[in-house]
Each structure stands twice: as C-alpha cells, then as structure tokens.
Amino acid sequence: MSALLTLDNVWLEYGDKIVLERVDLDIAEGSFISIIGPSGAGKSSFLRLVLGQEAPSRGRILLDDRPLVAECGPDRGVVFQRYSVFPHLTALRNVMFARECAGARFTARLFGRARRAAEEEAAAMLAEVGLGDALHVYPAQLSGGMQQRLAIAQALIARPRVLLLDEPFGALDPGIRQDMHRLILRLWREHGLTVLMVTHDIGEAFKLGTRLLTFDKRRIDPHAPHRFGATAIYDLALKPHVLPADTAAGAEPDADVITIDIIGNNREK
Amino acid sequence: MRWVNIRPSRNGAMLLGAIPLLAILVTYLFASAARHADNPSDKLLPTPGAMVSAMHRLIAQVDPLSGNMLFWMDTAASLQRLGIALGICTLSTLLVGMVLGVLPVARATLGGLVTAIAVIPPIALLPILFIVFGLGETAKVALIVIGVAPFLIRDLADHVARIPQEQLVKAQTLGASSWQLALRVALPQAMPRLIAGLRLSLGPAWVYLISAEAIASDAGLGYRIFLVRRYLSMDVIIPYVAWISLLAIAMDVALAQLSRRGFAWAHRSDR
C-alpha cells in the first residue's frame with residue numbers, strides 16, 4: 001500500500017533549539033491517526049509542518065508522492081480548537097467559502113446558477129453535520145459544539161486529501177464530545193477521509209484512531225534540554241473500531257476494541 | 001441593597017441623563033436674567049430672545065453682501081469640507097490600512113512611516129499646508145486628512161493584523177488567494193472597526209476644521225464664530241456651538257446605525 005503522506009527524516013529546528021528530530025512516518029490513505037504527547041512535545045509543530053505553515057529544516061514531506069509546498073493549500077483541510085470559522089459569515093456562507101474562492105478568482109462571490117448550486121451543496125453538507133436548521137445563523141449564535149460542526153463542514157466541502165484536527169473537541173463538554181466523536185467517525189467512514197488528530201484526551205485518541213502516535217523526546221540532556229527534539233516514540237496500530245451506533249446492534253463494545261500492535265513499538269533507530 | 005446594584009430602568013436612565021442638561025439650562029437662564037436686571041445691554045449671557053433674533057437674521061434673512069443666508073452657507077461650507085476630508089480619510093484608510101494589515105512585507109516597509117506621520121501634531125503642519133496649498137479649500141481639507149487618516153490607518157492595520165491566525169490558515173486551506181483573503185476575510189471584519197474609528201475621529205476632525213476656518217476662510221461655522229467674537233456676539237456664538245454639537249451627534253448616531261445595519265454580526269454581543 002503506497003502511503004498518502006510520507007515524512008522522510010524530518011527535522012524542525014529554530015536556531016539551536018530542536019523541536020522535532022528524525023520523524024519518519026508513512027501515513028496510509030483512509031487511516032485515522034491520533035497524536036498524543038505531553039505539552040511542548042512538538043504535536044502542534046508536527047501539525048503545522050503537515051499543514052504547510054512551516055517548512056522542515058531538514059528532510060522532506062511528500063503528499064501523494066509529491067513534495068509538500070510549505071504553504072497551506074486546499075489539499076489539506078484543518079479544524080482548530082477555536083477561531084476556525086469566519087464570524088462575519090452565516091453558517092451557509094462559511095461552508096460556501098471554498099466554492100466561492102474556487103469559482104470566482106477576482107470577486108470570490110458566485111452569482112446566479114453557480115451560486116444556487118454552491119448553496120445547495122453547502123446546505124447538504126450542513127445537514128450532514130447536523131446543522132440543517134442553522135443555515136442562516138452567525139457563528140456567535142452557535143454553541144461551541146455547533147461551531148466545530150460548522151468548521152468540519154466548511155473543511156470537508158473543499159474535499160481535502162488530509163483532514164487535520166488540532167484538539168478539535170478540547171473545549172467541549174463531555175456529552176457534546178461523545179456526539180462529536182460519533183459525527184467525525186461517521187464522516188471519516190462515509191467520505192473515506194484520512195485524518196490526523198492532535199488531542200490531549202488519551203481515551204479519545206484510542207477510541208477514534210486506527211493508529212496512535214505519541215510524540216515525546218527520546219533523550220533529555222539535563223544541561224541543554226533544547227538540544228534534543230521530540231519524535232514519534234510510540235507508533236501503535238489500533239484495531240479498526242466500531243461505531244457506537246453499531247454497538248447497539250450487537251457488535252463488540254467500545255472498551256474491548258483497543259489492541260496494541262507490538263510491531264515497531266518503541267523501536268530504537 | 002448596595003449602591004453598586006442599583007440600576008436605572010430605560011426610561012429612568014433617560015430621565016437621569018436629562019437632569020444635568022436641564023440643570024445647566026436653568027442655571028444659564030437665571031444667570032442671564034440676573035445680569036440683564038443689572039445691565040439691560042449685557043452681551044456676555046444673552047437672553048434666549050436675543051439669541052433667537054440674532055439667529056433669525058442669519059438663518060432666514062439674505063445677507064446683502066454675499067447674497068446668501070449666512071447660517072446655511074456656513075453649515076454647507078463646513079459640512080462640505082468635513083465630508084470631503086472624511087471621505088478621503090475613509091478611502092485612504094481602506095487602501096493603506098488593509099494593505100498594511102494583510103501584508104507583513106508592507107507593514108515592515110510602511111508601518112514606521114505611518115507611525116512617524118501620526119505623531120506629528122497636525123496643527124503644527126497648518127502653516128506648511130497654507131504655504132503649499134494656498135488659503136483655499138485644499139489646505140483645510142488636507143489638515144483634517146493629515147490629522148485623522150494616520151490614526152485611522154494605524155488602528156485598522158493593527159486590527160486586521162490581529163485577526164486570529166487560525167482564520168487566515170483556514171481560508172488558505174479552503175483555497176483562498178491573498179486577494180480573496182483580503183477581500184472576503186479581512187475587509188468585512190475591518191469595516192465595523194473602521195466605522196468605530198471614524199466615530200472616534202469626528203471630534204478631532206471638527207477641531208481641525210474649526211482651526212483651519214478660524215485662520216483663513218470666508219465662510220464656515222468656525223469662521224463665523226471667530227468673526228463675531230470681535231463684537232462679543234455671544235448671541236451668535238452660543239447657538240453656533242450648540243448647532244455644531246448637534247451636527248456632531250447626528251453624524252455619530254448615523255455612523256453607529258450604519259454599523260449596526262450593515263454589520264449586524266459584529267454587534268451580537270451588544271444586546
């Protein structure tokens with residue numbers, strides 16, 4: 001199976017401070033990667049690299065076997081913990097944004113038939129994430145969970161090759177978080193998405209991911225802690241999980257679906 | 001109940017707000033009456049009747065020298081200067097402020113220059129403007145523009161630059177070019193701030209307008225006030241000042257309404 005996203009000996013350094021070192025990863029299409037690790041272990045830096053917000057100081061990143069341009073583009077979608085949606089646009093216009101940018105170079109606005117088509121597509125996408133009743137509402141009027149639903153719909157309509165989630169459910173109530181887990185798993189399955197999700201919640205990481213990466217520093221020099229960077233120290237394949245909806249239908253319960261693959265686990269390079 | 005928890009109702013608040021205004025009015029009327037009882041030809045605190053008759057001459061009678069009704073001629077001249085100047089300010093702020101806010105390279109290149117211009121006291125430039133542009137309309141408009149635009153530009157550029165990085169990244173992952181980003185993400189979010197900045201700038205704009213008119217002009221609200229000062233004509237000065245405040249309040253209310261109507265999303269938290 002050829003990898004969708006390849007990181008080949010990637011380093012990220014600021015001056016003499018090493019943030020990430022020797023990151024070697026192949027990420028298969030259709031996988032759901034959970035990324036955990038302590039604060040300051042380079043999880044967000046890793047996401048920024050894949051997003052193209054920063055360029056690696058060494059090594060290369062390939063997306064679909066082509067070197068990744070160090071600039072954000074429509075092949076990678078993203079949902080942040082906050083500020084992911086545009087506060088000045090209604091839900092519908094937020095989701096139409098990608099279509100409008102693609103359809104009208106200069107005005108970034110669509111008119112007539114093209115506009116109606118985009119509106120229908122956006123409304124369908126909003127209905128899919130459960131915001132079918134909130135088409136003409138501004139984000140400030142939506143709850144935190146609904147704003148994240150909107151942000152996901154907005155990202156999905158651009159049909160990204162990879163969807164990057166940066167602690168997307170970190171600010172939500174536990175109950176809402178369960179709903180969001182169900183939603184993201186359903187979308188992941190139905191749209192055949194490849195997802196990279198950074199999270200602080202280990203339970204969430206095991207529950208959602210098909211593969212779990214743990215970022216941390218392999219070694220620490222007590223006199224110069226900045227001289228060793230973090231890398232993926234654990235790389236566990238998780239058994240493909242079942243949706244909570246399936247559980248009700250008699251499938252195995254959630255807690256038992258986690259198995260740890262020992263291949264490549266804690267491997268010294 | 002503690003004092004800090006006593007909140008007036010809507011009508012109560014209006015009533016409370018009217019009290020100081022009424023108090024000043026009544027105090028003035030008593031003081032004016034007292035002075036006129038001592039000296040019927042007192043000029044410092046004219047009675048309402050004297051103000052009405054003085055203003056009647058300016059509002060309703062044609063001035064034989066200029067062939068115009070002076071009050072309306074003054075108002076039109078001042079509002080025209082203010083309107084042109086604020087229009088130029090708005091356009092230049094939209095152009096320069098947006099470019100500075102959106103493009104880090106432009107900010108690095110021009111940010112220092114804008115800051116340097118903004119800290120010059122505009123009135124100190126007035127002689128230069130009169131020398132360069134002559135005593136006509138251009139110098140007066142230029143004074144207001146130089147006084148107001150740099151502040152607006154800095155404010156807008158700061159505001160645009162402070163749009164959360166997440167939004168800019170998100171827009172780019174949705175395929176937005178630099179131009180589309182500026183047009184669809186930055187500009188709409190900058191507009192309410194620009195209007196708020198304009199509202200704050202109305203005060204300084206009037207100051208610069210009246211300063212310029214006081215020094216060299218042949219019409220205008222500021223010109224009239226400074227002209228009749230020579231004759232101690234408080235019966236003209238006081239109504240003119242009241243009229244200027246009314247115009248300023250009307251502009252402020254109009255801009256606030258424009259912001260609420262046009263950019264309702266920015267005012268959600270107000271309610």
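Heavy-atom basis, side chains included; hydrogens, waters and symmetry copies ignored. Please read all numbers here as calculations on a predicted model, not as lab measurements. In what follows, chains are A, B, ... by sequence order, proteins preceding strands, each numbered from 1.
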#### Entry: chain B contact via A:T107 - side chain, backbone, both or neither, heavy atoms under 4.5 Å
backbone

### Query
What part of A:I157 lies closer than 4.5 angstrom to a heavy atom of chain B: side chain, backbone, both or neither?
neither

### Message
Please classify the contact of A:A158 with chain B as side chain, backbone, both or neither, using a heavy-atom distance under 4.5 Å.
### Response
side chain

### Task
Just say parallel, tilted or perpendicular for the rings of A:F97 and A:F86, cut-offs at 30° and 60°.
tilted

### Task
Evaluate the side-chain hydrogen bond (donor to acceptor under 3.5 Å, both in side chains) criterion for residues B:E213 and B:Y208: first the C-alpha distance (whole Å), next the side-chain angles of each, then the deciding distance (0.1 Å), finally the verdict.
CA-CA 9 Å; B:E213 286 180 347; B:Y208 303 134; over 6 Å; no

### Query
Side chain, backbone, both or neither: which part of A:A104 has a heavy atom under 4.5 Å from chain B?
backbone

### Query
With side chains defined as the heavy atoms from C-beta onward, is the minimum distance between A:L208 and A:H181 less than 4.5 Å?
yes

### Which atoms of A:L51 approach chain B - backbone, side chain, both or neither, heavy atom under 4.5 Å
side chain

### Message
Less than 4.5 Å to any heavy atom of chain B: does that hold for the side chain of A:Y83, its backbone, both, or neither?
### Response
both

### Query
Based on non-hydrogen pairs under 4.5 Å, which of A:R82, A:Q141, A:R93 is most in contact with chain B?
A:Q141

### Query
Do any of residues 157-184 of chain B come closer than 4.5 Å to chain A, heavy atom to heavy atom, and if so which ones, in number order?
B:P164, B:Q165, B:E166, B:Q167, B:V169, B:K170, B:A171, B:Q172, B:T173, B:L174, B:G175, B:A176, B:W179, B:Q180, B:L183, B:R184

### Query
Are any of the side-chain heavy atoms of A:I36 and A:F215 separated by less than 4.5 Å?
no

#### Entry: Non-neighbouring partners of B:D155 that pass side-chain contact (heavy atoms from CB on, under 4.5 Å), sequence neighbours left out
B:R193

### Query
Just wondering, do A:M125 and A:Q154 contact through their side chains at under 4.5 Å, heavy atoms?
no

### Message
Are the side chains of A:L5 and A:L196 in contact, using a 4.5 Å heavy-atom criterion?
### Response
yes

### Task
Check whether any side-chain heavy atom of A:R109 sits under 4.5 Å from a side-chain heavy atom of A:R115, and report yes or no.
no

### Task
Apply the side chain to side chain donor-acceptor pair (under 3.5 Å) test between A:E128 and each candidate in A:R186, A:H191, A:R149; give the one that qualifies.
A:H191

